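Here the structure is laid out as structure tokens; the discussion comes afterwards.
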Amino acid sequence: MGHYKSNLRDIEFNLFEVLGRDKLYGTGPFAEMDVETAKSVLGEIARLAENDLAASFAEADRTPPVFDPETHTAPVPAAFKKSYQAFMDAEYWRLGLPEEIGGTTAPRSLIWAYAELVLGANPAVWMYASGPAFAGILFEEGNEAQKKVASLAVERQWASTMVLTEPDAGSDVGAGRTKAVQQDDGTWHIEGVKRFITSGEHDMSENILHYVLARPEGAGPGTKGLSLFLVPKYEFDWETGELGERNGVKATNVEHKMGLKASNTCEMTFGDGRPARGWLIGDKHDGIRQMFRIIEFARMMVGTKAIATLSTGYLNALEYAKERVQGPDLAQFMDKAAPKVTITHHPDVRRSLMTQKAYAEGMRALVMYTASVQDEIALKEAAGEDVKALAGLNDLLLPIVKGYGSERSYEQLAQSLQTFGGSGYLQEYPVEQYIRDAKIDTLYEGTTAIQGQDFFFRKIVRDQGQALNTLAEEIKKFLAVSTGGTDLAPARDALAKAAVDLEAIVGRMLADLTATGEDVANIYKVGLNTTRLLMVSGDVVVAYLLLRGAAVAAEKLETAAAKDVAFYQGKIAAAKFFAANVLPGVSAQRTLAESVDNSLMELPESAF
């Protein structure tokens, strides 16, 4: 057994006891994936994750890939390569791919459930294995010849990258200067330098397909002027997949990082020395929309990764706390002869552990809930029905999954380490690596500040609040029927109050936005509250989902088998704890949001 501790019981609880996926699996487009098959898949992946995938987690961190500037290569350690190959050989990555390119139709909720297991055990494995998922998007967006390439990419297990960021532009994707020059044969020559490219170079696949945003000559400024190109590491025969000459794209640096060291993060140079040939995806200049299909997948992955890491961090901390004997019970502090107890008997340790548990399980529910919305979208699309409302809800939830999920996970992993005391600071235990690996989740695929801005301006204002109202109504309906009985009444009351406070924060921000018509400086007040809004929204949604789970647990507890009693008790306790200890903070955040002024923005820079 490696470092990783899965929580398959809680995953299945969310899927089949709370979210009703048992009624969906085995029906419609998911006819071939019934509940028993899904449980079997999850069980097998959990075993794979806990053993083969987890096996190289620490070693690859200690002996990471080394970049060779002469050959522009960065081979991965042998131990990690073994883990990666075990995952690819298992072929669970076929789930969710179009059947036309060798995939198996599967619900998104199942895909993200199994993703948690892989990402918790060894996140770099998932990242290097993105080739088939990206090929699925190429199949759906590409022309007929490119659809064939997508099939070859799956068959030959080619890797892939998403290539957006440039050294000067950073998160301002629209400021990118990488250019594309059309050639007489219909191809394009890509010229420029990109940075922070995950999996840009490695030796685990014979080819890497780079999905590159570049600006065609003569195209307009900003994101609207960008197009998406397919640029392979090696050119190839488009019928057979046989490799040809090396294309003019190469890694010119691999970053030395705080964590996630097994994953090569590369500077990629296009067109230096020889042309980097690319093909316009779908024969249309629609790059930012096409790339956002990959970005949204990546943001879901980042949130899931962070939450998966918190879960195993908490479970490692819990195991240690149950075994670590230190000090007498606090109630016997006057008795010098009192026996020493395990630290789970100490109040502050219990407080910390329950906080970790509530966040880990609540945010798992958030991922599963978001994925279940994606299930419903697929179901309605297959039936030819309108999915606008569901798509809006999914869009609203994604910044919470990514931004809130990554921030709260990183915060709580510090509590996981604290549980170990000084031992947690040592590499003898995995939590110090968890923290280092997880910090990136708040930074890449859009920092938390960017997620907050996206959440308010795009997912609320541009949507005219429709998705937010849909979610609010769902919460109100849950509260109206007093689900969970009198035992959960105080927690429901706390949620109701927090929901009102959240609405007030949104109202204040909308008022400040409207006031920009009188004074454009009012936009600063909005900007000072966007991250606050994102985090408060996450607290409210997580509290709602924890209470949904607790209500189910309360009902099940009446007839539960002995082996399930403690599990259901834990679900109820976590929901009540979160409502009592986290939700009161929403009121404080409302007070802060409503008191925001522009004094900070008016302060001279020299005063900082």
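For clarity, every value in this text was computed on a predicted model and none was experimentally measured. Quick note: numbers below take in every heavy atom, side chains included, and nothing from hydrogens, waters or symmetry partners. The chain is numbered in sequence order, starting from 1.
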Exercise for the section: Check for a donor-acceptor pair, side chain of Lys257 on one end and backbone N or O of Leu260 on the other, with a separation under 3.5 Å. Expected result: yes

Practice task
Answer yes or no: is there an ion pair linking Glu361 with Lys571, defined by an N-O contact shorter than 4.0 Å?
Solution key: yes

Exercise for the section: Kindly write out the residues that satisfy side chain to side chain contact (heavy atoms under 4.5 Å, CB included) with Arg215, not counting sequence neighbours, or none if the list is empty. Expected result: Ala219, Leu226

Problem - Nearest-0.5 Å distance that lies between atom OG in Ser160 and atom CD1 in Ile208 - result: 9.0 Å

Exercise for the section: Look at the aromatic rings of Trp112 and Trp126 and report parallel, tilted or perpendicular, splitting at 30° and 60°. Expected result: tilted

Handout entry: Pair Thr178, Glu166: side-chain N/O donor-acceptor within cut-off below 3.5 Å
Key = yes

Practice task
Say whether Asp539 and Tyr404, considering side chains only, have a donor N or O and an acceptor N or O under 3.5 Å apart.
Solution key: yes

Handout entry: Exceeds 12 heavy-atom contacts within 6.0 angstrom, atom OH of Tyr524
Key = no

Practice task
Please check if the distance between the ring centroids of His285 and Trp188 is under 6.0 Å.
Solution key: yes

Exercise for the section: Could you grab the distance from atom CE of Met368 to atom CG of Leu19, nearest 0.5 Å is fine? Expected result: 8.5 Å

Problem - NZ/Lys380: more than 12 non-hydrogen atoms of other groups inside 6.0 Å - result: no

Practice task
Measure the CD-CZ distance between Glu503 and Arg590 for me, rounded to the nearest 0.5 Å.
Solution key: 10.0 Å

Problem - Pair Lys194 + Glu267, salt bridge at N-O below 4.0 Å - result: no

Problem - Test of ring centre spacing under 6.0 Å for Phe196 and Tyr444 - result: no

Exercise for the section: Examine the side chains of Thr442 and Thr448 and answer whether a donor and an acceptor come within less than 3.5 Å of each other. Expected result: no

Fill in the blank from the handout: Rounding to 0.5 Å, atoms OH (Tyr544) and CG (Leu479) come to a distance of 9.0 Å

Practice task
Taking atom CD of Glu518 as the centre, report whether more than 12 heavy atoms of other residues, nucleotides or ligands fall under 6.0 Å from it.
Solution key: no

Handout entry: For Ala38, side chain to side chain contact (heavy atoms under 4.5 Å, CB included) partners two or more places apart
Key = Phe16, Tyr25, Met33, Leu110

Practice task
Please check if any side-chain donor atom of Arg21 sits under 3.5 Å from a side-chain acceptor atom of Ser372, or the reverse.
Solution key: no

Practice task
State, without any angle test, whether Glu99 and Thr105 hold a side-chain donor-acceptor pair at a distance under 3.5 Å.
Solution key: yes

Exercise for the section: For this output row, return yes or no: ring centroids of Tyr359 and Phe578 closer than 6.0 angstrom. Expected result: yes

Exercise for the section: Using a strict 4.0 Å threshold on nitrogen-to-oxygen distance, state whether Glu140 and Lys147 make a salt bridge. Expected result: no

Handout entry: Residues, nucleotides or ligands: over 12 heavy atoms within 6.0 Å of Arg458 CZ
Key = no

Exercise for the section: Can you sort out the partners of Ser537 under side chain to side chain contact (heavy atoms under 4.5 Å, CB included), two or more places apart, ordered by chain and number? Expected result: Ile400, Phe455, Leu502, Leu533

Exercise for the section: Indicate yes or no: does Lys497 engage Asp493 in a salt bridge with an N to O separation below 4.0 Å. Expected result: no

Exercise for the section: Give the intermediate values and the outcome of salt bridge (Lys or Arg N to Asp or Glu O under 4.0 Å) for residues Glu594 and Arg508. Expected result: CA-CA 6 Å; Glu594 292 179 336; Arg508 174 57 188 262; over 6 Å; no

Handout entry: Lys/Arg N to Asp/Glu carboxylate O, Lys525 vs Asp597, below 4.0 Å
Key = no

Handout entry: Under 3.5 Å side-chain donor-acceptor pair for Gln453 and Thr530
Key = no

Handout entry: Between CD on residue Gln290 and NZ on residue Lys284, distance to nearest 0.5 Å
Key = 6.0 Å

